[in-house]
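Quick notes on the structure that follows.
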Amino acid sequence: MSTDILRFATAGSVDDGKSTLIGRLLFDSKSIFEDQLDAVERTSRGRGEEQTNLALLTDGLRAEREQGITIDVAYRYFATPRRTFIIADTPGHIQYTRNMVTGASTSDLAVILVDARKGLQEQSRRHAFLATLLQVPHLVVAINKMDLVDYSQERFEEIKQEFTDFATKLDVSDLTYIPISALHGDNVVDRSINMPWYDGSSLLHHLEHVHIASDRNLIDARFPVQYVIRPQRAADPELHDYRGYAGTVAGGVFKAGDEIMHLPSGLSSRIAKILTADGELDEAFPPMSVTMLLEDEIDISRGDMLCRPNNQPVVSQDIEAMVCWMAESRKLTPRSRLVIKHTTRNAKVMVRDIRYRLDVNTLHRDEDAEDLSLNEIGRVSMRATQPLFADEYKENRLTGGFVLIEEGTNTTVAAGMIVRAE
């Protein structure tokens, strides 16, 4: 089995068939157990449905099943001989846009579903824009329910052109269109005989073969320190002076013997060893979790960063960022005081200014905006109480992304993407 993992999210408007598509993928790829299928069949019969409702495989909350909608982000896992998949089934309702942001923020690919009968809806545009704002490298527009438009090539081309016109305003590097019927399985796992005019691949074939290895930043070496390991076992003399720095590689390639620089001190050393639970490694790269041992004793703690002496992130307390506001109870206003969680570092921040609020449907910038409400997106400037080690989000999603937390309640109230660090 290949260890190559593809994370992808489904997005789109309400009732476009996101959960049904995932259920069909799991069912046709034989990735569900018999008892799971039996339970879904019993539930479908109990609800009076004529056929098995595959959407029930992902809609697990009682409220989701009662209303026939997705509310929370549901994660499902399956594998084929080529690749392992982690799916984030995100909700389509506008009030759950923040859940869509959560699911798409770590995805390599986003599947935007469009109902062939209704065409491109407002929420489809919003999700497509959010996917590009979150720098999801690959987009697939799955035009669903083709069975309800008699598998019309003309309708497919019409929606394809409509989305292409909209996508010219977005930052899209890889865009693919696939006509499907999630309910009947057309072009989901296997090619459909009902659409002989379509000469592309099925959705699963595309997911198996899309190239993601070059999406990660392997140039800018970044290692945010998460934990300092000091065993100090008196009975084991080898561990007396053991000092390891554990974390997840956020960018670049680290090798034993490489020269590194510690931030914020600016002191340099060399990597003595790179260790994992399975033993010593010659090199480490994203998204590996490793422990590094250095040749020199440097005072390093959680929130610090290891990088290259000649390739450093921006060290700054002042940042400009695109922020998606997620709080219902309050608005984001100038002079709001929050806590920023950036890589492994936490700091208090104050919002200095709201530059503009973005209309995700027209992409118009409202430069007179004075606040951001639930699910609104805008560009803000902030000042932190201590320096952050940041890259622009378009260069590195891990060192360029952050969340904002309300200090009193410890509630996550926003997700942000760094546009510029000064």
Side-chain angles (χ1 to χ4, degrees), residues 1-7 83-84 86 106 108 135 137 210-233 236-316 342-345 387-401 418 421:
M1 183 71 69
S2 171
T3 56
D4 188 15
I5 298 175
L6 175 73
R7 298 172 178 266
R83 185 171 267 173
T84 301
I86 302 176
T106 57
D108 303 303
Q135 295 289 313
V210 65
H211 182 66
I212 61 171
S214 59
D215 295 335
R216 300 188 177 98
N217 187 329
L218 299 177
I219 298 173
D220 305 316
R222 305 286 187 263
F223 185 74
V225 177
Q226 183 175 351
Y227 188 71
V228 180
I229 299 176
R230 290 280 286 153
Q232 296 182 349
R233 286 187 196 159
D236 191 342
E238 290 188 8
L239 298 178
H240 284 172
D241 299 317
Y242 186 100
R243 187 188 297 271
Y245 307 104
T248 300
V249 181
V253 179
F254 291 88
K255 298 180 180 180
D258 282 354
E259 185 180 5
I260 56 94
M261 173 179 281
H262 166 249
L263 296 176
S265 72
L267 297 174
S268 297
S269 182
R270 291 189 180 275
I271 300 173
K273 291 181 181 179
I274 301 175
L275 304 175
T276 68
D278 298 322
E280 190 170 345
L281 298 177
D282 294 327
E283 62 180 19
F285 48 85
M288 296 173 64
S289 296
V290 299
T291 299
M292 293 193 192
L293 279 67
L294 305 183
E295 292 181 355
D296 302 287
E297 294 284 345
I298 302 176
D299 182 14
I300 299 176
S301 57
R302 176 182 170 86
D304 294 354
M305 182 174 286
L306 303 181
C307 61
R308 291 270 189 270
N310 298 320
N311 184 345
Q312 306 170 31
V314 176
V315 181
S316 175
H342 173 259
T343 63
T344 56
R345 172 165 283 221
L388 305 176
F389 314 125
D391 295 291
E392 292 183 9
Y393 187 81
K394 65 181 180 181
E395 300 294 334
N396 192 317
R397 293 168 72 187
L398 296 176
T399 57
I418 295 173

message: Nearest 0.5 Å, please: how far is CG in Leu294 from CD in Glu259?
response: 11.5 Å

query: Can you name the nearest heavy-atom pair linking Arg345 to Pro387, along with the distance?
result: NH1-O, 2.8 Å

query: Heavy-atom distance under 4.5 Å between the side chains of Arg222 and Leu263, does that happen here?
result: no

- prompt: From Glu395 CD over to Ile418 CD1, what is the distance, rounded to the nearest 0.5 angstrom?
  reply: 12.5 Å

- request: Answer yes or no: is there a side-chain heavy-atom contact under 4.5 Å between Gln226 and Arg302?
  value: yes

message: Show, in sequence, the C-alpha distance, side-chain angles and deciding distance for Asp4 and Ile212, and conclude whether the side-chain contact (heavy atoms from CB on, under 4.5 Å) test is met.
response: CA-CA 9 Å; Asp4 188 15; Ile212 61 171; 3.8 Å; yes

- request: Might you point out which heavy atoms bring His342 and Gly401 nearest each other, and give the distance in Å?
  value: CD2-O, 3.4 Å

- prompt: To the nearest 0.5 Å, how far apart are CZ in Phe223 and OG1 in Thr248?
  reply: 7.5 Å

task: Taking the side chain as every heavy atom from C-beta outward, state whether Ser269 and Ile298 have any atom pair closer than 4.5 Å.
output: yes

message: Would you compute the distance between atom CD1 of Ile219 and atom CG of Asn396 and round it to the nearest 0.5 angstrom?
response: 11.0 Å

- prompt: Do you know the tightest heavy-atom contact between Ile229 and Ala246?
  reply: CD1-CB, 3.9 Å

- request: Could you list the residues that satisfy side chain to side chain contact (heavy atoms under 4.5 Å, CB included) with Asp258, not counting sequence neighbours?
  value: Lys255, Ile271, Arg308

- line: For Pro309 and Ser268 the tightest heavy-atom approach is CG-OG, 4.4 Å

message: Measuring only between side-chain heavy atoms, which start at C-beta, is Thr344 closer than 4.5 Å to Tyr227?
response: no

Residue pairs fulfilling side-chain hydrogen bond (donor to acceptor under 3.5 Å, both in side chains) with at least one residue in residues 278-287, sequence neighbours excluded: none

query: Hey, does the side chain of Asp108 reach the backbone of Arg7 with a donor-acceptor pair shorter than 3.5 angstrom?
result: yes

Backbone N/O of His262 and side chain of Asp304: donor-acceptor pair under 3.5 Å: no

- prompt: Would a distance-only check, ignoring hydrogens and angles, find a side-chain to backbone donor-acceptor pair under 3.5 Å from Asp220 to Gly251?
  reply: no

query: If you take all heavy atoms of Pro286 and Leu218, which pair is closest and at what distance?
result: CD-CD2, 3.6 Å

query: Nearest heavy-atom pair of Gly266 and Met261: which atoms, and what distance?
result: O-CE, 3.6 Å

message: In the structure I gave you, are the side-chain heavy atoms of Ile260 and Phe254 within less than 4.5 Å of one another anywhere?
response: yes

- prompt: Does the side chain of Thr291 reach to within under 4.5 Å of the side chain of Tyr245, using non-hydrogen atoms?
  reply: no

- request: Output the distance between atom CG (Leu281) and atom CG (Leu275), rounded to the nearest 0.5 Å.
  value: 7.5 Å

message: For a 4.5 angstrom cut-off between non-hydrogen side-chain atoms, does Leu306 reach Ile300?
response: yes

message: In the structure I gave you, are the side-chain heavy atoms of Arg397 and Pro137 within less than 4.5 Å of one another anywhere?
response: yes

